[in-house]
Amino acid sequence: MAPPKNPPARGRALTRSFFDRSVHTVAPDLIGATFLVDGVGGVIVEVEAYHHTEPAAHSYGGRTPRNAVMFGPAGYVYVYRSYGIHWCVNFVCEQAGSASAVLIRAIEPRYGLAAMRRRRGLAADVALCSGPGKLCEALAITDKLNGAALDRAPIRLLAREQEPDIVCGVRIGITKAAELPWRYGLKGSRFLSKPFRD
DNA sequence: AGAGAGATGATCT
DNA sequence: GATCATCTCTCTA
């Protein structure tokens, strides 16, 4: 028997103007949105905000070849290599030059589950996209996607259709400015990279 | 459940 | 030469 087909992703596509706002507004607004690359992906359940005025941001020290996309206009993807092994994906926010971005940290897998399981070498759906490096592997995101527009193929980004319950906490996995409460998550989600502490 | 270590490479000092 | 917005494995409990 054939595996069940995924239902089509629904929702209004987010335009670039969605991202042309404060990173602290965009970050929580992304919780519940659907993020797909070549039709594979799911619902964003965890993000973190980064801004160049704060030392954990890659843009903190000014523009370099690596972070150049962060200094461009909002609505584009910034991809970087993490620990020499993983890729991590960000959405650039605010006006060009503000060098702020939202790190996508976890997704609830919904579309293209077979592809994600194959790429991750895993059967447990709960661990497919529960971390920034994991979700890039599951969605096949590499530096080839660096600078890609969020409103064009192969990316699809669909607005949430219901207002989610959002939790907030300190950012994790960083050593600088680790006390800033700029991590946002979908309350009660099983697909987070780590639970939120209250 | 939590701690520790190794993998692995671009970027920065 | 050290750092790093990570992941997976192994060890101890």
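Quick note on labels: first sequence line is chain A, next is B, and so on, each numbered from 1.
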Separation of atom [atom1] in [X] from atom [atom2] in [N], rounded to whole Å:
| X | N | atom1 | atom2 | value |
| --- | --- | --- | --- | --- |
| A/Tyr83 | B/dA10 | OH | P | 16 Å |
| A/Tyr60 | B/dT13 | OH | P | 11 Å |
| A/Glu46 | C/dT6 | CD | P | 10 Å |
| A/Glu137 | B/dA7 | CD | C1' | 14 Å |
| A/Leu122 | C/dC9 | CG | C1' | 13 Å |
| A/Trp87 | B/dA7 | CH2 | C1' | 16 Å |
| A/Glu54 | C/dA5 | CD | P | 10 Å |
| A/Arg66 | C/dC4 | CZ | C1' | 8 Å |

* Asked: Hey, does A/Arg105 reach any base, or is it just sugar-phosphate, or nothing, if we go heavy atoms under 4.0 Å?
  -> sugar-phosphate
* Asked: NA contact type, A/Gly133, heavy-atom cut-off 4.0 Å: base, sugar-phosphate, or nothing?
  ->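 Counting heavy atoms under 4.0 Å across all strands, the contact made by A/Gly133 is with sugar-phosphate only.
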* **Residues A/His58 and A/Tyr78: side-chain donor-acceptor under 3.5 angstrom** =>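 Indeed, the side chains of A/His58 and A/Tyr78 share at least one donor-acceptor pair under 3.5 Å.
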* **A/Thr53-A/His51 side chain donor-acceptor pair, cut-off 3.5 Å** =>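 Distance-only check passes for A/Thr53 and A/His51.
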* Asked: Does the B/dA10 base have a donor-acceptor partner in the side chain of A/Tyr80 within less than 3.5 Å?
  -> no
* To do: Classify the angle between the aromatic ring planes of A/Phe91 and A/Phe19 as parallel (below 30°), tilted (30 to 60°) or perpendicular (above 60°).
  => perpendicular
What's the closest nucleotide to the side chain of [X] if the choices are [options]?
| X | options | value |
| --- | --- | --- |
| A/His58 | C/dA5, C/dT8, B/dT11 | C/dA5 |
| A/Tyr50 | C/dA5, B/dA7, C/dT6 | C/dA5 |
| A/Ile174 | C/dC7, C/dA5, C/dC4 | C/dA5 |
| A/Ile85 | C/dC4, C/dT6, B/dA7 | B/dA7 |
| A/Leu103 | C/dC7, B/dC12, C/dA5 | C/dA5 |
| A/Thr64 | C/dT6, C/dA5, B/dC12 | B/dC12 |
| A/Tyr78 | B/dC12, C/dC7, C/dA5 | C/dA5 |

Would you tell me if any nitrogen or oxygen in the side chain of [X] comes within less than 4.0 Å of OP1 or OP2 on [N]?
| X | N | answer |
| --- | --- | --- |
| A/Thr175 | C/dT3 | no |
| A/Lys176 | C/dC4 | yes |
| A/Arg120 | C/dT8 | yes |
| A/Ser193 | C/dT6 | no |

* Asked: Between A/Val37 and A/Ile141, is any pair of side-chain heavy atoms under 4.5 Å apart?
  -> yes
* Cation-aromatic face contact A/Arg183/A/Phe196, 6.0 Å, 45 degrees -> yes
* **Any strand: nucleotide that pairs with C/dA5 via Watson-Crick or wobble, under 3.5 Å** =>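 For C/dA5, the partner nucleotide comes out as none, under the 3.5 Å rule.
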* Nucleotide opposite B/dT8 in a Watson-Crick or G-U pair, distances under 3.5 Å ->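 For B/dT8, the partner nucleotide comes out as none, under the 3.5 Å rule.
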* Would you call A/Arg16 and A/Asp151 a salt bridge, using N to O less than 4.0 angstrom? -> yes
